[in-house]
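Here the structure comes first, spelled out in structure tokens, and everything after it is commentary.
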Amino acid sequence: MFRAGGRPPITYIFTCCLFFVAGCIYRSLWTHPLEKFSPPAPKGNIWHQSNKVSSTALEQELQTLMKVIEWPEPPGPTDYEFSTSPNTTEFHMLFPRATYYVGEYVEVLIIARDHKGRPKAYGGDYFQAKLHSPMLKAGVTGSVTDHRNGTYTASFLLLWPGQVEISITLVHSTEAIAILKDKRETRPDKVYFYGYFHGTSEVMECNVKPPGKDVCEYHDPYTGESWFCMRPKQGGCSAYKGHAAGGSRDILTSEEARFLDKSVKEKLISSKVESFNVFSPTTNVDSRAHCSPGLPNPDPSGFYFQDIWYSRVCKNRAFPHPANVTECLRGKIIYIFGDSTTKQWWDFLLSFVPSLQRQDLHALFPAPQLAVDTSHKFAIQWQMHEKPLYIMYSDKQNVHYVASELERIGGNKEGLVVVINCMAHFVTYPVKVYAQRLLGIRDSVVKLMKRSPLAKVFIKSGNTGYVYTHGSDWLSLQLDLVMRTMFSGLPVTILDCWQMTSCHYLPPDIHPAPVIVKNEIDLLMSFICPT
Ligand SMILES: *[C@@H]1O[C@H](CO)[C@@H](O)[C@H](O)[C@H]1NC(C)=O
Ligand SMILES: *[C@@H]1O[C@H](CO)[C@@H](O)[C@H](O)[C@H]1NC(C)=O
Ligand SMILES: *[C@@H]1O[C@H](CO)[C@@H](O)[C@H](O)[C@H]1NC(C)=O
């Protein structure tokens, strides 16, 4: 087995050049905030140090995490007709009242039934619940409790006055989830990738696990992570030059496929519960604190009203005009590490703020992207996390491990902002793969915060609406819980984009519409500029 022996020197040089160029751009554009944040030269060669996650630490962490994400399973293999059906499952109002006021809770009872209408006797179905007012562009997620006997309670906090209605979606039956969970752990090959090599047109299959016997292992000694490709006939392992999405395999038997068919998943369930009126509270005091790191996300963590997100974490702000954004971001350097869902943020800010200009670094997506606002003296860099990545072709030097990249930034003055998101590309893999990646990132975050106590670090949660092949909001939910658990207790801010995407009136989309992206960014800026 060939071990690439770390990042080849050429990559290192390229990356240095990139930062050198970026650094020059910064320095030539302004003197004051720039120098404070130009990336410090790494002390020694950071590639000789290691952030490698020890396997005992990982196993220990994993034990805790698997308990956190434990999900009730069906008692045994079940025929399709005995699985939960969205057609026969119903909900009704618990404790109906004559009047409802803002600040009160409303509860509904969900009764799960199978395809023949027989009540289910065990739990584990995944429902998403929301209370909303289409006319008011208002919505909030409900919290669902599984009584593990075929019934569930969904609870909603009433947060605005007006006519409201309740929608409950059966995302998956418990039987479907048992299949998803099994395939997540046992079939990491269901989504695969391609590797490209110098000197040959051969394209090889690659993945986080060896896709066969005769493989090349690309081991990153800093993070301890590996990427595997089938060995090309020509050129050898060291000729590896780039990466692209491959395809997906149909891994389900026809019987399994029925449980995950679109006729039974992500379906609204019926109810006789009608819309009802909510009245204003007698008193209305805003007791929210200013936004600061480490605040817990209550449930619900906020709600939409007239398409504006009102956080329940803290007193969030709206930044309706470009001037409000530039006023907030003046003097800041913002590093965003993640996937296409934060690339949307970068793109949105570029189109929203005319004075923010994309810098041509002669490298296309997914290579790092830099935008600078010389009038207001701030810069935003977006960078993709390392593979697995279901993306178009990219040269290998254009994507890096977030954990390693974090080692390059720091400084102990105000104005350094780091945003990290990493989830969607991991949903099809065993939980361990994701936990290992996050452990490395978390270690680097902790080190960064020691070096730069004034830095503000944000972890953007995943969006709902992963409806591609082999994807599922249930798989995303599990990783979202893993992420929240792993970063709890650190002075970082977890931005709850999960609820912001799941309770909006637009159809589920992991790449949400601009109205949602704008609210996500405004929430971020509320923490950067709390007053
Ligand atoms: C649910 O009911 C609709 C309308 O009667 C029907 O077309 C559909 O096939 C049913 N789906 C299932 C899964 O039974
Ligand atoms: C299910 O469990 C809940 C909570 O323990 C209980 O209130 C309810 O009566 C049970 N329902 C059935 C049908 O067993
Ligand atoms: C946004 O900017 C405008 C124009 O500078 C200003 O009048 C307004 O008060 C700002 N609003 C907020 C919420 O900061």
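Counting starts at 1 for both ligands and their atoms, in listed order.
- Under the 4.0 Å criterion applied to side-chain N and carboxylate O atoms, Lys456 and Glu414 are not assigned as salt-bridge partners.
- Protein heavy atoms are found less than 4.0 angstrom from atom 2 (O) of ligand 2.
- Trp71 and Trp474 have perpendicular rings, their planes meeting at more than 60° on a 0 to 90° scale where under 30° would count as parallel.
- For atom 4 (C) of ligand 3, the closest non-hydrogen atom on the protein side is Ala323 CB, 4.3 Å.
- For the pair Thr151 and ligand 2, the shortest N or O to N or O distance does not fall below 3.5 Å.
- Protein heavy atoms are found less than 4.0 angstrom from atom 14 (O) of ligand 3.
- Close approach to Asn324 involves these atoms of ligand 3, each under 4.0 Å from a residue heavy atom: 1 (C), 2 (O), 3 (C), 8 (C), 10 (C), 11 (N), 12 (C), 14 (O).
- Each of the following atoms of ligand 3 lies closer than 4.0 Å to a heavy atom of Arg317: 14 (O).
- The atoms of ligand 3 that sit less than 4.0 Å from any heavy atom of Ala318 are 13 (C).
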Step by step, work out the salt bridge (Lys or Arg N to Asp or Glu O under 4.0 Å) result for Asp496 and Arg484.
CA-CA 10 Å; Asp496 190 356; Arg484 287 171 200 254; 2.8 Å; yes

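- Salt-bridge formation is detected for the pair Arg97/Glu104: a Lys NZ or Arg NE/NH1/NH2 atom is positioned less than 4.0 Å from an Asp or Glu carboxylate oxygen.
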Would Glu81 and Arg118 satisfy salt bridge (Lys or Arg N to Asp or Glu O under 4.0 Å), going step by step from the backbone distance to the final call?
CA-CA 10 Å; Glu81 69 163 50; Arg118 294 163 294 212; 3.2 Å; yes

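- Under a 4.0 Å criterion applied to the non-hydrogen atoms of Val264, ligand 1 contributes the atoms 13 (C).
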Would you sort out whether His425 and Tyr466 count as a ring-ring contact (aromatic ring centres under 6.0 Å, His included), showing the intermediate values?
CA-CA 10 Å; His425 292 266; Tyr466 193 132; 8.1 Å; no

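- Protein heavy atoms all stay at least 4.0 Å away from atom 9 (O) of ligand 2.
- Under the 30°/60° scheme for interplanar angles, the aromatic rings of Phe303 and Trp160 are found to lie parallel.
- At the top of the distance list for atom 11 (N) of ligand 2, counting protein heavy atoms only, stands Asn149 ND2, 2.9 Å.
- The nearest heavy-atom contact from the protein to atom 12 (C) of ligand 1 is Asn87 ND2, 3.4 Å.
- Taking the six-membered ring where the residue is Trp, Phe365 and Trp382 present parallel rings, their angle staying beneath 30° rather than reaching 60°.
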